[in-house]
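Presented below is the structure to which this report refers.
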Amino acid sequence: QVDLALERLLRDFAEYGLRRELGIKAIEVSPRELKFRWRDRPYRVVIVPSTGNAPSLSSPDERLICLVNSTDWQTPPDALALDVPSRTTRFTHDRIHTALRVFLLRYYGMRFTDTA
């Protein structure tokens with residue numbers, strides 16, 4: 001059930017967080033992934049489901065942000081992750097990561113604490 005809710009949340013973030021608030025128009029939306037560019041940098045926001053296959057790793061120039069709903073998955077060193085079950089993340093200055101974290105708090109009441 002949580003995986004399905006995260007899929008809905010991702011679609012909402014594409015519409016409200018990226019299109020309306022940040023003005024990003026070109027967004028590829030699939031059930032467990034968003035792809036877009038922000039200030040000429042490619043981004044992927046992916047769901048790591050509780051069961052099933054984890055997303056493939058991104059290319060070196062791509063910023064990967066993971067909404068993690070799995071206890072068995074290790075975040076790649078260059079990726080940013082929001083751990084849904086523990087509600088933790090590493091706070092960063094990355095604008096998209098921050099926008100997602102704030103969106104989750106504002107629209108879904110999900111408060112993440114800093115792991116640093």
Side-chain angles (χ1 to χ4, degrees):
Q1 290 292 48
V2 174
D3 291 337
L4 290 175
L6 290 176
E7 290 178 14
R8 172 60 191 229
L9 181 151
L10 203 60
R11 287 192 307 272
D12 289 348
F13 178 64
E15 180 60 32
Y16 298 105
L18 298 177
R19 281 193 179 100
R20 294 184 187 186
E21 292 183 16
L22 294 178
I24 299 171
K25 301 298 180 207
I27 305 169
E28 290 179 45
V29 180
S30 63
R32 292 187 175 171
E33 180 174 294
L34 303 176
K35 287 184 177 184
F36 57 92
R37 296 185 76 79
W38 170 253
R39 297 190 175 163
D40 293 325
R41 183 172 190 181
Y43 273 81
R44 270 178 65 213
V45 181
V46 299
I47 295 171
V48 178
S50 58
T51 59
N53 295 332
S56 61
L57 297 180
S58 58
S59 64
D61 64 331
E62 187 175 60
R63 170 64 92 182
L64 179 64
I65 300 175
C66 305
L67 270 172
V68 180
N69 190 35
S70 172
T71 56
D72 300 330
W73 195 71
Q74 292 294 319
T75 304
D78 295 336
L80 299 172
L82 293 103
D83 187 299
V84 174
S86 70
R87 299 288 198 276
T88 58
T89 190
R90 180 176 46 114
F91 286 17
T92 71
H93 294 290
D94 183 274
R95 181 67 178 100
I96 303 301
H97 178 265
T98 300
L100 178 56
R101 185 175 52 80
V102 170
F103 173 83
L104 292 171
L105 176 62
R106 186 183 304 150
Y107 290 94
Y108 289 89
M110 296 171 66
R111 182 179 303 276
F112 286 79
T113 57
D114 193 358
T115 58

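Numbers here simply count residues along the sequence, with the first being 1.
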Any side-chain heavy atom of [X] sitting closer than 4.5 Å to one from [Y]?
X     : Y      : result
Leu67 : Phe13  : no
Arg87 : Arg111 : no
Asp94 : Ile65  : yes

Please check this pair: side chain of [X] against backbone of [Y], looking for a donor-acceptor N/O pair closer than 3.5 Å.
X     : Y     : result
Thr75 : Leu80 : no
Asp3  : Ser50 : yes
Thr89 : Ala81 : yes

Does the side-chain contact (heavy atoms from CB on, under 4.5 Å) test come out yes or no for Tyr107 and Asp12, once each step is laid out? CA-CA 9 Å; Tyr107 290 94; Asp12 289 348; over 6 Å; no

For residues [X] and [Y], report the shortest heavy-atom separation together with the two atoms involved.
X      : Y      : value
Ile47  : Pro49  : O-CD, 3.3 Å
Trp73  : Cys66  : CH2-SG, 3.5 Å
Lys35  : Glu33  : CE-OE2, 2.9 Å
Ile24  : Arg37  : CG2-O, 4.0 Å
Ala79  : Arg90  : O-NH2, 3.8 Å
Tyr108 : Phe103 : CE1-CE2, 3.7 Å

Going only through I, L, V, M, F, W and Y residues with side-chain contacts under 4.5 Å, is there a path from [X] to [Y]?
X     : Y      : answer
Ile96 : Leu64  : no
Leu6  : Leu82  : yes
Val46 : Val29  : no
Val2  : Leu100 : yes
Tyr43 : Val48  : no

Starting at [atom1] of [X], measure out to [atom2] of [Y] and round the result to the nearest 0.5 Å.
X      : Y      : atom1 : atom2 : answer
Leu104 : Arg106 : CG    : CZ    : 10.5 Å
Thr115 : Phe91  : OG1   : CZ    : 8.5 Å
Arg20  : Glu15  : CZ    : CD    : 4.5 Å
Arg95  : Arg41  : CZ    : CZ    : 15.5 Å
Leu18  : Lys25  : CG    : NZ    : 11.0 Å

With side-chain contact (heavy atoms from CB on, under 4.5 Å) as the criterion, how do Met110 and Val84 come out once you've worked through the C-alpha distance, each side chain's angles and the decisive distance to 0.1 Å? CA-CA 9 Å; Met110 296 171 66; Val84 174; 3.9 Å; yes

Working for side-chain contact (heavy atoms from CB on, under 4.5 Å), residues Phe112 and Leu105: CA-CA 8 Å; Phe112 286 79; Leu105 176 62; over 6 Å; no

Looking at [X], I'd like to know if its [atom1] atom is crowded, meaning that more than 12 non-hydrogen atoms belonging to other residues, nucleotides or ligands lie closer than 6.0 Å.
X     : atom1 : result
Gln74 : CD    : no
Asp78 : CG    : no
Tyr16 : OH    : no

